[in-house]
Amino acid sequence: MKKNGETNELRVRNWLQVMRHGFHEPVKLDEASTQLVRKLFDTTDVLKPVGDDDLKLFWISVNRPTFEQYKEDYEEDVSEEEARKDYEAEYPEEIYWHKVRMTRYDRRRNGEDVFHAVFIDTEYVLNIGDLNARGYPIDASELIKWLIEKAADVVERVKAGTYNAEIARNLPMHYRCGKILRKDYWDIYPEKRQAYRECFTQQDIDDFIALESELKKSRERGWYPPNAWDSMTARQFYEACAVVYKRLQLPERDKWQFCDTDEEHERYGGTTAKELYYMFADGRDDGLCNVPMDDTEEFDLWLNDKGEYYESNGGHPWEIIPSFSIRFSMHLGVSCHPKKKFLYLSGEMYERSKETLPAYLALRRAGYPVELIDGAQMLARFTETDYIEIVPCYLYPLYGSRRSDILDSTQLANGDKPGLVASAAVWDKITPLELKDNGNEWES
């Protein structure tokens, strides 16, 4: 992998790809690389930690590759003009920035078994002592020597008192974290407001906003809906699920997981509520399928992982509409309130909420006691009183916000008016770097 010339963004991306084995199974390092990781930590030891476990966090920059360097790795058989277009598309910036995080802690508290970890942006790239490390030991000395060089430069600039001001001045906004009031964001991009609100009827929006007081009250400890039940059966759960499926007009599927009795078919006039559940839900139901439909005691035992019908087979009975990630699924569960039984509905992610809100209103209109998880925050999408997180370019806004008080996220690049968004946003402070008061001594 070694190339002539100094490290550039192309080389950094190549190394990140090589070291990408997954967060829980990092790459093993050979002995030479391990010693270089120790040197990297020694280099930064004079910096004051910014968090637990000797956390160090700093920014480094690297130039984009020259076109000649880019062509060395370019495998397509195209003209130089086409290659240059690809080059400009892949590396539009002259300088690229990376956030480096380093942490370590002493397992035995005697200095003999110290765990080290190094992250570049979101990638877990280097470790010492991670028991989950897999694969043949790799020589990552090129990457680590470059990091040592960059870290040494950071240390010198901290000593000179210039680093913090330089980062504040030079770090581009699309690498930073912040937030923007939804109203301000949607005023800049009104088509986003229109696209979201068009997913609902005006009656649904009005009815939902009218529930503001209850949605806020439901966050209080011990709250339950005024129409909550004293007891509950499996049938009530299945029938609630059916309300959701029918409101969303999901087309029926083959009954390959469960086929009900003739008596139940007659009762429902066709496809039963239980059959609908096993058409659309995740299916790992922990034995729910076998619980007698109208037996409150057996259902209560099953809810508490007890009774003859409970069996652990996946733990997803409440995932009534699954997705590629559980965060995007819709869940309809039964509350564990000590005195009352009621349903809770969740599915707050931006795209999923387009189904969750109509499902919630349909359950209420059908008379079911139901709590909407994160309902107050979902309501704020309509009143436009919440914030949208702005995540840096190396993170993915698809998975929503990383903050507990914010549901949605975006990036400056998600639109053609990044300057207006940046001006209206509230930006997080960049963590400043300082020198330790006690010199080079590391205290675990």
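Only heavy atoms go into these numbers, but all of them, side chains included; no hydrogens, no water, no symmetry mates.
Atom-to-atom distance recorded for Ile406:CD1 and Ile180:CD1 is 11.5 Å, nearest 0.5 angstrom. With rounding to the nearest 0.5 Å, the separation of CG in Leu332 from CZ in Phe237 is 5.5 Å. The distance from the CH2 atom of Trp146 to the NZ atom of Lys150 is 6.5 Å, given to the nearest 0.5 Å.
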Item to check | Derivation and outcome, salt bridge (charged side-chain N to carboxylate O under 4.0 Å, His left out), residues Arg365 and Asp207 | outcome: CA-CA 10 Å; Arg365 290 163 183 161; Asp207 288 351; 2.7 Å; yes

Next on the checklist: Pair Tyr368, Leu345 - check side-chain contact (heavy atoms from CB on, under 4.5 Å), show working.
Outcome noted: CA-CA 11 Å; Tyr368 285 91; Leu345 181 70; over 6 Å; no

Item to check | Derivation and outcome, salt bridge (charged side-chain N to carboxylate O under 4.0 Å, His left out), residues Asp428 and Arg403 | outcome: CA-CA 13 Å; Asp428 296 355; Arg403 309 187 191 195; 2.9 Å; yes

Item to check | Derivation and outcome, salt bridge (charged side-chain N to carboxylate O under 4.0 Å, His left out), residues Asp204 and Arg247 | outcome: CA-CA 12 Å; Asp204 280 350; Arg247 172 61 182 84; 3.3 Å; yes

Next on the checklist: One pair to check against side-chain contact (heavy atoms from CB on, under 4.5 Å): Tyr360 and Leu211. What are the steps and the verdict?
Outcome noted: CA-CA 11 Å; Tyr360 170 67; Leu211 296 172; 3.8 Å; yes

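Checked for salt-bridge contact, Asp153 and Arg157 meet the test: a charged N lies under 4.0 Å from a carboxylate O. Using a cutoff of 4.0 Å between basic side-chain nitrogens and carboxylate oxygens, Glu384 and Arg193 are scored as salt-bridged. With respect to Lys354 and Glu351, a salt bridge is recorded, a charged nitrogen being found less than 4.0 Å from a carboxylate O. In this structure, Lys48 pairs ionically with Glu434, as a charged nitrogen and a carboxylate oxygen lie closer than 4.0 Å. Residues Arg352 and Glu348 are not paired through a salt bridge, judged by the lack of any N-O separation under 4.0 Å between the basic side chain and the carboxylate. Comment: Asp54 engages Arg104 in a salt bridge, judged by a side-chain N to carboxylate O separation of less than 4.0 angstrom.
Applying the side-chain contact (heavy atoms from CB on, under 4.5 Å) test between Leu433 and each of Leu47, Val155, Leu57 identifies Leu47 as the sole match. A side-chain contact (heavy atoms from CB on, under 4.5 Å) with Tyr189 is found for exactly one of Leu420, Thr410, Asp416, namely Asp416.
Relative ring orientation between Tyr394 and Tyr175 is described as tilted, the plane-to-plane angle lying within the 30° to 60° band. Using the six-membered ring where Trp is involved, Phe41 and His116 have ring planes that are perpendicular, over 60° apart on the 30 and 60° scheme. Relative orientation of the Tyr344 and Trp318 rings is perpendicular, given thresholds of 30° and 60° on the angle between their planes. In this structure, Tyr196 and Phe382 have tilted ring planes: the angle between them lies in the 30° to 60° band. Ring geometry for Tyr87 against Tyr70 counts as tilted: the plane angle lies between 30° and 60°, on a 0 to 90° scale.
Using a 3.5 Å distance cut-off with no hydrogens or angles, the side chains of Ser323 and Ser325 do not pair a donor with an acceptor. Inspection of the Glu9 and His98 side chains reveals an N or O donor paired with an N or O acceptor under 3.5 Å. No hydrogens or angles considered: nothing links the side chains of Ser409 and Glu389 as a donor-acceptor pair under 3.5 Å. At a cut-off of 3.5 Å, with distance as the only test, no side-chain donor of Glu94 or Asn63 sits close to an acceptor on the other residue.
Between Leu357 and Leu361 there is a side-chain heavy-atom pair separated by less than 4.5 Å.
Taking the six-membered ring for Trp, Tyr245 and Tyr277 have ring centres at least 6.0 Å apart. For an aromatic pair to be called close, the ring centres must be under 6.0 Å apart, and Phe58 with Tyr163 fails this.
Gln69 places no side-chain N or O within donor-acceptor distance of the main-chain N or O of Thr7, the cut-off being under 3.5 Å. Formation of a donor-acceptor pair under 3.5 Å by the Asp53 side chain with backbone atoms of Leu55 is not found in this model.
Across all their heavy atoms, Met378 and Ser353 have their closest contact at CE-CB, 3.8 Å. Across every non-hydrogen atom of Lys28 and Gly135, the tightest pair is CD-O, 3.2 Å.
Judged by the 6.0 Å distance and 45° axis criteria, Arg64 is not positioned over the aromatic ring of Tyr96. A cation-pi arrangement is absent between Lys340 and Phe342 under the rule of less than 6.0 angstrom and at most 45 degrees off the ring axis.
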